[in-house]
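Keep in mind that the numbers below use all heavy atoms, side chains included, and drop hydrogens, waters and symmetry copies.
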Amino acid sequence: MSASGFMTENRPLKAYALLIIVYLYAPILILLAFSFNNSIFIAFPFKGLTLKWYWALTGNSQLHQALWNSLVVGVIAALVSTILATLAAKAVTRYRMPGRNAMVSLVSLPMLMPEVILGIALLVFLLSIDIKLSLATIIIGHIIICTPYALVTMISRFQGYDPAYEEASLDLGETALSTFWRVTLPLVWPGVVSSLLLTFLISFDDFVVTFFLTGTEQTLPIFMWSQLRFSDRLPAMLALGSLIIVVSTVLLILVEWLRRRGEGATATP
């Protein structure tokens, strides 16, 4: 079959793929477009282009506090979940243990469970042991939902390099702790960074679990949701959402780049 014939046969498939992409990303593009519209009404035609909705974000103290809360929660959740996942990934990939697959499946369960169910379960549990809802309870919930993603990332990373590096270090007299610090950690470092970025994004963007566990201190998604009741504040929230989309996209591209770079660096010939 000629190359031209092959390309002709795939035109419907290409058109279908393009249609799917448009379907997925058209709402995001519309949101980005209306964040520059000089009107509080979300309707065509545009009333003109403006940056005032972005400028309005700089003077909102409640927004700044919510952003700070989200950053604190996201950083702590990312650090803790990545540390737990790194240690767990080393255990399940380097040591034989009974029920290993069952344990990995159990840890991964929050990734498959509906967040509404998880949020309600955490809320009932925390209230039953008299823990007051606060940023601390949000962090607990986010660690639970972030750890499975971090574990999947780190297991892939540990399986991506030859364990002979660690064995050689031990044979040369290094302790297990020193081997982990000087050999293992540098080899899995791209995976660690990818896990940190990915789990931070998951925590930063989470709404459902946060909604059930939030107290008097709001995170950014909760703050945005509370502002949607006021029509005059909607354009500013569109601008904020546009900024979040751009930053999240850049971070996700960075995560994928680090993952591919790590795989290439330790690929065996």
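- Contact record, L57 with A236: CD2-O, 3.5 Å, taken as the closest heavy-atom pair.
- Using a 4.5 Å cut-off on side-chain heavy atoms (C-beta onward), L220 and N69 make no contact.
- Using modelled atom types and a 3.5 Å distance limit, the side chains of S195 and T153 yield no donor-acceptor pair.
- Y16 and V22 are assigned to two separate hydrophobic clusters, defined by single-linkage of ILVMFWY side chains at heavy-atom distances under 4.5 Å.
- The OG1 atom of T58 sits 9.5 Å away from the CG atom of L63 when rounded to the nearest 0.5 Å.
- Distance OG/S70 to CD/E217: 11.5 Å, rounded to 0.5 Å.
- Residues in residues 53-88 take part in these ring pair (Phe, Tyr, Trp, His ring centres under 6.0 Å) pairs, two or more places apart or across chains: F36-Y54.
- A donor-acceptor distance shorter than 3.5 angstrom exists from the side chain of T249 to the backbone of I245, with no hydrogens or angles considered.
- In the hydrophobic clustering of ILVMFWY residues, with side-chain heavy atoms under 4.5 Å counting as a link, V107 and L112 come out apart.
- Between I155 and Q159 there is a side-chain heavy-atom pair separated by less than 4.5 Å.
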Listing, residues 180-187 side-chain donor-acceptor contacts under 3.5 Å, not counting sequence neighbours, or none:
unit_1	atom_1	unit_2	atom_2	d
R182	NH1	E174	OE2	3.1
T184	OG1	E166	OE2	2.5

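- Interatomic distance, L198 CG to S203 OG, rounded to the nearest 0.5 Å: 11.0 Å.
- Residues T86 and I83 form no side-chain contact, since every pair of their non-hydrogen atoms from C-beta on lies 4.5 Å or further apart.
- Judged by distance alone, with hydrogens and angles left aside, the side-chain atoms of S35 form a donor-acceptor pair with the main-chain N or O of L32 at under 3.5 Å.
- Checking side-chain atoms of S156 against main-chain N and O of V152 turns up no donor-acceptor pair under 3.5 Å.
- Shown here for S226 and Q218, the closest heavy-atom pair between the two residues is OG-NE2, 4.0 Å.
- The shortest side-chain heavy-atom distance between T214 and T219 does not fall under the 4.5 Å cut-off.
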Quick one: do L135 and I76 satisfy side chain to side chain contact (heavy atoms under 4.5 Å, CB included)? Show the steps, please. CA-CA 11 Å; L135 286 183; I76 296 176; over 6 Å; no
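- Considering only heavy atoms from C-beta on, N60 comes within 4.5 Å of F223 through its side chain.
- Note: S105 OG to L109 CG = 9.0 Å, rounded to the nearest 0.5 Å.
- In this structure, OG1 in T147 is found 11.0 Å from CE in M111, a value given to the nearest 0.5 Å.
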Derivation of the side chain to side chain contact (heavy atoms under 4.5 Å, CB included) call for F212 and V208: CA-CA 7 Å; F212 287 101; V208 178; 4.1 Å; yes
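- Looking at I244 and M224, their side chains come closer than 4.5 Å, going by heavy atoms from C-beta outward.
- Placement of L51 and V246 in two distinct hydrophobic clusters is found when ILVMFWY residues are connected by side-chain heavy-atom separations under 4.5 Å, directly or transitively.
- Distance alone, capped at 3.5 Å, is enough to place a donor-acceptor pair between the S81 side chain and the A78 backbone.
- The OG1 atom of T82 sits 10.5 Å away from atom CG of L151, with the distance rounded to the nearest 0.5 Å.
- L31 approaches G241 most closely through the heavy-atom pair CD2-C, 4.1 Å.
- Using bins of under 30°, 30° to 60° and over 60° for the plane-to-plane angle, the ring pair F211/W225 lands in the perpendicular bin.
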Is there a side chain to side chain contact (heavy atoms under 4.5 Å, CB included) between V75 and L79 once you walk through the steps? CA-CA 6 Å; V75 168; L79 286 173; 3.9 Å; yes
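- Side-chain contact between F200 and L71 is present, with at least one heavy-atom pair separated by less than 4.5 Å.
- The hydrophobic clustering, which links ILVMFWY residues whose side-chain heavy atoms are closer than 4.5 Å, places F230 and M237 apart.
- Linking ILVMFWY residues whenever their side-chain heavy atoms come closer than 4.5 Å, directly or via other members, leaves L18 and I30 in distinct clusters.
- Looking only at side-chain heavy atoms (C-beta outward), I202 and H142 stay at 4.5 Å or farther from each other.
- The environment of CZ in F125 is sparse: at most 12 heavy-atom neighbours from other residues, nucleotides or ligands sit within 6.0 Å.
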